[in-house]
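The residues of the chain are indexed from 1 along the displayed sequence. Source: prediction; values computed, not measured. When a ligand or atom number is given, it counts from 1 through the structure's own listing order. The basis for the numbers below is simple: all heavy atoms, side chains too, and nothing from hydrogens, waters or symmetry mates.
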Amino acid sequence: MSVFLITGASSGIGAATARAAAQAGYRLVLAARSLDRLEALSEELGGPERALAVRCDVTEWEDQQALAAKALERFGAIDVVFANAGFGAPRGFQASTVEHWRSMVLTNVYGAALTVRATIDALRSSRGHLILTGSVAGRRALPGSLYSATKWAVTAMGEAARQELDGTGVRVTLIEPGAVDTPFFDNGAGPGSLQADDIARTVMFAVSQPAHVDVNEILVRPTAQSG
Ligand code: NJP
């Protein structure tokens, strides 16, 4: 059974993808800061032999190294890495707080890079698959949105990793969601938005392609999203 590691697995897109991957027969490594929620999900997916819950703050290099080490210790390989942890901020260059900005930039950009750094040797060994959660906002700039700038960085990171890994057998996919109804939004994503399961299916489409097919980007909007 192949091994699927997910950051931001305690909620939303990450949790939905964990359920879809378990359904497809993967063993899971579930990472986030909320260990209680990860353990509940692990139980739901068959317990720690099937889904290992690991507390990991993606902005902490020690946590990321320990995450990769625990995954390898438990399962012996890592086949898919889904660097998905992230969050947003209110738009406006005078909105939010500088502390929130700092945390968002560190999580969305530095955190994703640390996940790649911590797992890239394991991916090379398994000829595995790296998936990053970018955004529609990483493909077009949103007004007053530093969040959008962090996701442009993720877009670049995906392509940078793809070029570094070219020829190794490792595939790299950027998932670029539009509005998805998850706790990402304090007050819901609005009517007609995507559900986390819609993005989970997209991820599973990319990973289930034959080894010679690398789906590099998938941008998914709700049918009714203009921007
Ligand atoms: O949001 P949510 P989504 N270290 O809040 C984790 C992107 N996206 O599923 O640590 C480790 O349900 C947090 O866990 P916890 C978005 O930018 C979304 O929608 O326990 N984990 C939770 O599991 C993000 O990259 C939309 O609090 C950390 C998860 O991240 C990804 O989709 C649109 C962490 C967030 O789950 C998943 O977001 C789009 C840390 N330091 C892109 N900080 C959308 N929803 O519309 C947070 O284009 N997490």
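In the hydrophobic clustering, Leu114 connects to Trp61, Leu106, Tyr110, either directly or through intervening members, whenever side-chain heavy atoms lie under 4.5 Å apart.
Sorted by chain and number, the residues within 4.0 Å of ligand 1 by heavy atom are Gly8, Ala9, Ser10, Ser11, Gly12, Ile13, Ala32, Arg33, Ser34, Arg37, Cys56, Asp57, Val58, Asn84, Ala85, Gly86, Phe87, Thr107, Thr133, Gly134, Ser135, Val136, Tyr147, Lys151, Pro177, Gly178, Ala179, Val180, Thr182, Pro183, Phe184, Phe185.
Taking 4.0 Å as the cut-off between side-chain N and carboxylate O, Glu44 and Arg19 count as a salt-bridged pair. The pair Arg124-Glu164 meets the salt-bridge criterion, since a charged nitrogen lies less than 4.0 angstrom from a carboxylate oxygen. Salt-bridge annotation for Glu176 and Lys151: absent, with no side-chain N of the basic residue lying under 4.0 Å from a carboxylate O of the acidic one.
Applying the side chain to side chain contact (heavy atoms under 4.5 Å, CB included) test between Ile199 and each of Thr133, Asn84, Leu194 identifies Leu194 as the sole match.
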Verify side-chain contact (heavy atoms from CB on, under 4.5 Å) between Val172 and Leu165, making sure each step is shown before the conclusion. CA-CA 8 Å; Val172 180; Leu165 290 163; 4.0 Å; yes
